[in-house]
Amino acid sequence: MEIDLIFRLLGSLALLIYGMKTMSDALQKMAGPSLRHILARMTGNRLSGMLTGTLVTCAVQSSSATTVMTVSFVSAGLLTLAQAISVIMGANIGTTLTAWIMSLGYNVDLTVIVFSSFLIGIVLIYKKRHRVAGDLLFGLGFLFWSLVMLSSVGRDMDLAHNADVVSFFASFDTGSYFTILAFLAAGTIITCVVQSSAAVMAITILLCSTGVLPIYMGVALVMGENIGTTATANLAALGAGTEARRAALAHLLFNVFGVIWVLAVFYPFVNLVCGFVGYDPSSAGQSARIPVVLAMFHTCFNVINTALLIGLIPQMERVVCKLLPEGKAEAKQPTTLHFISGGVIQTPEIAVLQAQKEVVHFAERMQRMFGIVCALIDEKDKKELDAQYARIERYETIADNMEIEIANYLEQVSNERLSDETKEKVRVMLRQIGELESIGDACFKIARTVKHLRKGKEDLSAAQYGRIHDMLRLVNEAVAQMIVVVSGRREDLTLSDSLSIEKDINELRDQIKVESINDVNAHLCSYALGTLYSDIVADSEKIGDYVMNIVESRLGRHMLGFNGLQLDLDKKTAAVDGVSVSLTPTEFALLRLLLSNRGKVLSRQQLMDDVWTGVVVTDRTVNVNITRLRKKLGPYAQNIVSRTGFGYLFEG
């Protein structure tokens with residue numbers, strides 16, 4: 001019988017933790033973008049920051065989630081340390097709502113709410129549009145059901161008549177500070193281990209309401225929970241930068257300070273709180289009021305602690321900065337990534353915002369790399385040229401690493417349950433980082449071509465240098481517009497500026513191509529020199545294409561193209577030099593796959609697996625469709641090249 005009660009107790013606690021997590025995750029999905037904007041913008045002063053932390057925590061029902069969001073924002077540079085501290089203070093007030101909900105569960109029969117939540121929730125889950133709302137109701141149902149079961153377990157355990165349990169707790173002197181400190185430590189350790197202050201609060205209410213645990217010891221456990229719950233944010237910040245670790249440390253110091261001043265006036269303060277709800281600690285019975293006493297203490301503790309410290313935020317900031325100084329290695333050594341790290345990923349919806357900041361940082365790095373390439377074009381001094389080339393080579397390595405690191409981070413985030421909007425953002429960012437890395441490759445190819453040019457005896461003419469500068473000037477405008485697009489609000493931007501620049505780049509490329517052929521035919525330059533000249537122009541134009549792809553992915557127009565060959569991925573239409581081309585769904589899928597993997601040989605088996613998924617076809621089917629596709633692409637038919645024994649690729 002005792003084993004049965006133990007399993008019921010542990011199962012109820014597990015259901016409580018799961019219900020809280022499910023409800024919190026669903027709330028974050030429903031209000032994820034809004035919460036990000038609130039946290040990032042409504043923290044102008046310490047009071048608004050505190051209110052923001054309170055409201056957000058009440059909304060997501062998890063102070064840990066709010067604190068991890070805040071630590072993430074500090075890591076991403078969206079919040080200062082002072083702003084983060086005020087939000088954390090508010091989060092401590094907001095989390096008291098959980099204690100009030102739990103006290104309600106012990107005093108009111110919530111069975112009707114539980115089963116109605118499950119019924120409505122399952123209906124919403126099967127309606128995919130409202131799945132998140134269904135998850136929310138299921139989480140709420142699990143939470144209330146666990147409270148009903150805990151209340152039932154408490155009655156069945158009848159601890160008040162268990163001589164061993166009663167004698168154990170009676171052995172502690174409630175008037176001794178040693179006892180209070182022991183239970184405070186126990187509350188801290190248990191909360192750190194189970195990573196759920198709600199579960200420990202449930203145990204505390206259960207023990208106190210049965211009468212075996214005196215209210216003073218219960219309050220000590222609640223104080224320990226306040227310290228133990230800070231472990232979540234501190235663990236999340238371990239792999240992050242110094243500022244994020246400081247924000248997590250500030251959370252710990254805030255609660256430790258509160259515990260210290262409460263201990264100084266412990267018995268008078270607890271008696272005062274008991275007086276608020278009409279509970280007499282010296283009298284037996286009154287078990288119905290004990291959950292309310294604990295919820296009231298939790299609220300008074302955090303509200304008064306915030307009132308005492310909100311005016312001392314600058315001093316708290318100085319203290320945590322002294323305790324966690326900037327490391328020399330960290331201060332001097334530049335890191336590849338600035339805004340994301342392996343440590344802070346506990347709130348996926350917020351992690352996406354950090355990744356977006358990192359994509360902007362990646363784009364800015366590629367803009368600097370392109371600027372170095374522009375300067376390299378005119379560099380004639382060998383020593384300086386080698387130094388600039390080495391810088392570009394380092395940037396190219398950084399670009400490769402950033403693409404892999406951001407992609408790995410987004411892959412981790414994708415493993416979590418995300419809203420449809422956030423999933424789309426992840427897909428867009430994965431495309432953007434691929435295009436940004438391609439910009440780095442193109443810049444490095446230009447640098448290699450220039451270095452090869454300097455090794456030869458011939459040099460370009462002044463007219464040719466002039467045309468290169470014309471091209472680079474247009475590409476620079478495109479890159480600058482790309483930075484505006486990736487870092488700005490999508491609602492305030494249009495494609496028109498980027499499309500106009502792209503058109504000018506393509507027209508200039510066509511003019512230069514004709515001029516280069518004429519110069520070679522007129523023997524104004526050698527064929528080898530003309531090839532190097534054309535390579536610089538072609539790679540510059542490719543940068544414009546990659547930039548355009550990034551802009552289109554950001555602004556919602558999903559295009560894929562090569563020069564005058566353009567695919568509209570949303571409308572599933574194709575155009576060659578502005579003229580619409582009619583493609584079958586199979587031909588469109590083939591062309592899309594080849595263009596997406598431009599320069600990469602795809603085997604016939606790969607084409608069959610991707611284009612004819614679940615359908616048995618032969619190599620002949622692939623060859624026939626490729627032949628038909630070529631006939632429709634006009635001048636771009638020659639770009640689809642066959643590799644005998646391997647497959648096909650789109651060259652360019």
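At a cut-off of 3.5 Å, with distance as the only test, a side-chain donor of Glu358 or His361 sits close to an acceptor on the other residue. With hydrogens and angles left out, the side-chain atoms of Asn476 and Arg473 include no donor and acceptor closer than 3.5 Å. A donor-acceptor pair shorter than 3.5 Å cannot be found between the side chains of Asn408 and Gln412. Gln511 and Arg467 are linked by a side-chain donor-acceptor pair at a separation below 3.5 angstrom, with hydrogens and angles left out of the test. For Tyr648 and Asn623, the side-chain atoms include at least one donor-acceptor pair closer than 3.5 Å. With 3.5 Å as the limit, one finds no donor-acceptor pair spanning the side chains of Asp519 and Tyr533.
Note that CZ of Phe362 and CD of Gln367 are 13.5 Å apart. Values are rounded to the nearest 0.5 Å. With rounding to the nearest 0.5 angstrom, the CD1 atom of Ile501 is 11.5 Å from the CE atom of Met482. The CD1 atom of Ile543 sits 9.5 Å away from the CD1 atom of Ile505 when rounded to the nearest 0.5 Å. One distance of note links OG of Ser642 with CD1 of Ile626; it measures 9.0 Å at 0.5 Å rounding.
A pairwise comparison of heavy atoms in Ser487 and Val360 identifies CB-CG1, 3.9 Å as the closest pair.
For the side chain to side chain contact (heavy atoms under 4.5 Å, CB included) with Glu437, the qualifying choice from Ile404, Ile406, Asp400 is Asp400, the only one to do so. A side chain to side chain contact (heavy atoms under 4.5 Å, CB included) with Val428 is found for one member of Arg431, Lys425, Glu424 and no other, namely Glu424.
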Practice item. Given salt bridge (charged side-chain N to carboxylate O under 4.0 Å, His left out), test Asp568 with Lys572 step by step and report yes or no. Key: CA-CA 5 Å; Asp568 188 323; Lys572 289 186 168 44; over 6 Å; no

Review point. Checking salt bridge (charged side-chain N to carboxylate O under 4.0 Å, His left out) for the pair Arg454/Asp459: CA distance, chi angles, key distance, verdict?
Key: CA-CA 8 Å; Arg454 294 289 176 264; Asp459 197 4; 3.7 Å; yes

Point to revise | Derivation of the salt bridge (charged side-chain N to carboxylate O under 4.0 Å, His left out) call for Glu587 and Arg628 | key: CA-CA 8 Å; Glu587 291 165 352; Arg628 291 174 179 169; 5.5 Å; no

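When side chains are defined from C-beta on, Glu396 counts as touching Met369, because their heavy atoms get closer than 4.5 Å.
Remark: aromatic rings of Phe444 and Tyr389 are close, center separation under 6.0 Å.
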